[in-house]
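Right, one structure below, let's go through it.
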Amino acid sequence: MIVKRGSKGEVVRAIQERLSIEIDGKFGPETDKAVKKFQEAHGLLVDGKVGPITLAALAIVPEEILATDRLDASHATDEGLFIHSSFLGTGQYIEGPTDKFYVVLHHTAGNHDPYATVRAWNSDIRGRIATQFVVGGIGKNGENSLDGEVVQCFPDEAWAYHLGKNNSPLLHPHSIGIEICNYGWIEPRDGRFYTYVNSVLPDNQVVDLGFSFRGYRYYHKYSEAQMDAVHKLLHEISRRHQQVNLQLGLPQWLKSQSPQDAFAFKREACDGTVRGLLTHTNIRPDKTDCSPQPLLVDMLKSL
């Protein structure tokens with residue numbers, strides 16, 4: 001495989017990710033410049049073309065990426081949300097079919113790129129662990145080309161493990177997981193905000209909850225594009241799965257409880273006795289996804 005100026009797609013995205021430049025999947029002048037700089041620094045032929053040798057130096061295996069590259073299968077929902085398919089490989093999810101009557105919100109605690117999240121699931125050794133949907137975000141350096149982009153990584157009738165230990169055999173096979181790309185809790189230190197991997201976030205990507213939630217007051221802020229995408233995605237899920245009731249669970253608790261209480265651990269959620277829309281924090285007392293940020297709370301109240 002030779003990737004060069006004018007190329008497009010997931011392999012280009014992977015190259016851009018490795019080179020820490022804007023990720024848009026298009027091999028243009030900036031990518032060409034960054035590739036040549038990388039080739040020069042690593043003693044390679046400086047021609048701007050990414051062939052087998054440069055791919056190996058970048059630690060990219062194109063066959064693994066292309067196996068999940070199904071962007072041509074993207075489609076628009078009734079509300080105009082584009083859902084892009086980038087399916088996991090064989091054995092990375094359970095084929096089903098199962099009826100769905102829970103939806104669980106998560107955040108990834110990491111990269112803003114939903115395709116990178118899917119690739120990580122596809123290449124790890126933990127087994128069939130994934131959510132059906134991933135929603136892209138804003139990178140820590142301000143990259144926004146994937147902000148609000150929705151990726152589906154296995155079919156509607158399938159399922160995968162995404163909750164860890166809980167008290168119900170129903171939750172995993174009958175739930176739909178949505179990952180929101182986000183770093184999670186933030187630690188203020190020396191006038192700066194640090195993620196759990198010790199990277200620095202700009203102030204405009206940090207939200208102050210005004211109270212402590214699971215031991216933290218500051219969190220990586222969900223973006224407006226993410227919340228709009230999740231709102232439309234939830235409507236699409238309820239259209240596809242008639243047994244999903246978006247008014248039950250977290251939206252119902254928000255009508256009578258404060259956000260910190262509504263997002264708290266709920267025994268009935270862990271037991272699987274309350275159906276509808278939940279977050280991982282409702283099911284597990286040790287999780288921080290998702291945090292009760294104003295943008296998320298307002299979106300849930302508007303369902």
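One is the number of the first residue; the rest follow in order along the sequence.
The CG atom of Asn141 lies 9.5 Å from the CG atom of Leu201; values are rounded to the nearest 0.5 Å. Note that NE2 of His280 and SG of Cys290 are 10.0 Å apart. Values are rounded to the nearest 0.5 Å. The CD atom of Gln132 sits 6.5 Å away from atom NZ of Lys100, with the distance rounded to the nearest 0.5 Å. One finds the CG atom of Asn245 at 10.0 Å from the CG atom of Leu277 (value rounded to the nearest 0.5 Å). Taken to the nearest 0.5 Å, the CZ atom of Arg119 stands 8.0 Å off from the OG atom of Ser86. Atom CD1 of Ile180 and atom NE2 of His112 lie 16.0 Å apart (nearest 0.5 Å).
Residues Lys266 and Trp253 are in side-chain contact: their nearest non-hydrogen atoms beyond the backbone lie under 4.5 Å apart. Under the 4.5 Å side-chain criterion, counting only non-hydrogen atoms from C-beta, Leu295 is in contact with Lys221. In this structure, the side chains of Tyr196 and Tyr194 stay at 4.5 Å or more apart for every pair of heavy atoms. Two residues are said to be in side-chain contact when any heavy atoms from C-beta on lie closer than 4.5 Å; Ile15 and Val3 meet this criterion. In this structure, Phe211 and Ser258 have side chains that are not in contact, with every pair of non-hydrogen atoms separated by 4.5 Å or more. Side-chain atoms of Leu250 and Phe263, non-hydrogen and from C-beta on, do get closer than 4.5 Å to each other. For the pair Met227 and Leu296, the minimum side-chain heavy-atom distance is below 4.5 Å. Contact of the Asn111 side chain with the Glu17 side chain is registered, since non-hydrogen atoms from C-beta on lie closer than 4.5 Å.
At least one donor-acceptor pair closer than 3.5 Å links the side chain of Arg214 to the backbone N or O of Thr281. Checking side-chain atoms of Arg13 against main-chain N and O of Gly25 turns up no donor-acceptor pair under 3.5 Å. In this structure a side-chain-to-backbone donor-acceptor pair under 3.5 Å is missing from Asp271 to Thr273. Side chain of Ser85 to main chain of Phe87: no donor-acceptor pair is present (N/O by atom type, distance under 3.5 Å, no hydrogens or angles). In terms of modelled atom types and a separation under 3.5 Å, the side chain of Ser175 and the main chain of Leu171 share a donor-acceptor contact. With hydrogens and angles disregarded, a donor-acceptor distance shorter than 3.5 Å links the side chain of Asn166 to the backbone of Gly164. Proximity of a side-chain donor or acceptor of Lys287 to a complementary backbone N or O of Pro285 within less than 3.5 Å is not detected.
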Applying side-chain contact (heavy atoms from CB on, under 4.5 Å), run through Gln226 and Cys181 and close with a yes or a no. CA-CA 9 Å; Gln226 285 180 320; Cys181 288; 4.2 Å; yes
Derivation of the salt bridge (charged side-chain N to carboxylate O under 4.0 Å, His left out) call for Arg284 and Asp286: CA-CA 5 Å; Arg284 295 273 299 272; Asp286 58 327; 2.8 Å; yes
Go through it in stages, so that I can follow the logic: the residues are Val50 and Phe27, the test is side-chain contact (heavy atoms from CB on, under 4.5 Å), and I'd like the CA-CA distance, side-chain angles, deciding distance and then a yes or no. CA-CA 10 Å; Val50 184; Phe27 200 125; 4.0 Å; yes
Glu236 and Arg239: salt bridge (charged side-chain N to carboxylate O under 4.0 Å, His left out), yes or no, with the steps? CA-CA 5 Å; Glu236 175 65 11; Arg239 186 191 66 80; 2.7 Å; yes
Could you please spell out the steps behind the side-chain contact (heavy atoms from CB on, under 4.5 Å) verdict for Leu254 and Val297? CA-CA 8 Å; Leu254 283 169; Val297 170; 4.2 Å; yes
The test is side-chain contact (heavy atoms from CB on, under 4.5 Å); show your working for Trp121 and Cys153 and say whether it passes. CA-CA 10 Å; Trp121 288 337; Cys153 63; 3.9 Å; yes
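Partner Thr108 forms a side chain to side chain contact (heavy atoms under 4.5 Å, CB included) with one of Asp289, Asp113, Thr117 and no other, that one being Thr117.
In the model, Gln39 has a side-chain atom that pairs as donor or acceptor with a side-chain atom of Asp47 under 3.5 Å. When only modelled atom types and interatomic distance are considered, Ser302 and His231 share a side-chain donor-acceptor pair under 3.5 Å. A side-chain donor-acceptor contact under 3.5 Å links Asp147 and Ser223. Side-chain contact of Gln293 with Ser291: a donor-acceptor pair under 3.5 Å is present, judged by distance alone. With no hydrogens or angles considered, a side-chain donor-acceptor pair links His220 and Gln205 at under 3.5 Å. With hydrogens and angles left out, the side-chain atoms of Arg189 and Asn198 include a donor and acceptor closer than 3.5 Å. Residues Asn282 and Glu268 bring no donor and acceptor atom of their side chains to less than 3.5 Å of each other. Tyr115 and Glu149 form a side-chain donor-acceptor contact under 3.5 Å, judged by distance and modelled atom types alone. Defined by atom type and a distance below 3.5 Å, a donor-acceptor pair is present between the side-chain atoms of Gln16 and Thr31. Side-chain contact, His162 with His172: no donor N or O sits under 3.5 Å from an acceptor N or O. Side chains of His42 and Thr54: a donor-acceptor N/O pair is absent below 3.5 angstrom, by distance only.
Environment of CD in Glu95: sparse, with no more than 12 heavy atoms of neighbouring residues, nucleotides or ligands closer than 6.0 Å. Counting heavy-atom neighbours within 6.0 Å of Glu224 CD, excluding the residue itself, gives a total of 12 or less.
Cys270 approaches Phe265 most closely through the heavy-atom pair CB-CE1, 3.6 Å. For the pair Pro114 and Leu146, the tightest heavy-atom approach, listed with the atom from each and the gap, is CD-CD1, 4.0 Å. When all heavy atoms of Leu81 and Ala229 are compared, the closest pair comes out as CD2-O, 3.7 Å.
Hydrophobic clustering, with ILVMFWY side chains joined whenever heavy atoms are under 4.5 angstrom apart, groups Ile83 together with Val103. Residues Val104 and Leu246 are members of one and the same hydrophobic cluster, defined by side-chain heavy-atom contacts under 4.5 angstrom among Ile, Leu, Val, Met, Phe, Trp and Tyr. In the hydrophobic cluster analysis, where Ile, Leu, Val, Met, Phe, Trp and Tyr join through side-chain heavy atoms closer than 4.5 angstrom, Leu303 is grouped together with Ile178. The cluster map of Ile, Leu, Val, Met, Phe, Trp and Tyr, joined by side-chain heavy atoms under 4.5 Å apart, puts Leu209 and Tyr218 in the same cluster. Ile138 and Met299 fall into different hydrophobic clusters, where Ile, Leu, Val, Met, Phe, Trp and Tyr residues are linked whenever their side-chain heavy atoms come under 4.5 Å apart, directly or through other members.
Taking the six-membered ring where the residue is Trp, His84 and Phe82 present parallel rings, their angle staying beneath 30° rather than reaching 60°.
With Tyr93 as the aromatic partner, Arg128 does not meet the cation-pi criteria of under 6.0 angstrom to the ring centre and within 45 degrees of the ring axis.
The distance between the ring centers of His174 and Tyr102 does not fall below 6.0 angstrom. Centroid-to-centroid, the aromatic rings of Tyr183 and Trp185 stay 6.0 Å apart or farther.
Using a 4.0 Å cut-off between charged nitrogen and carboxylate oxygen, Asp190 and Arg192 do not count as a salt-bridge pair.
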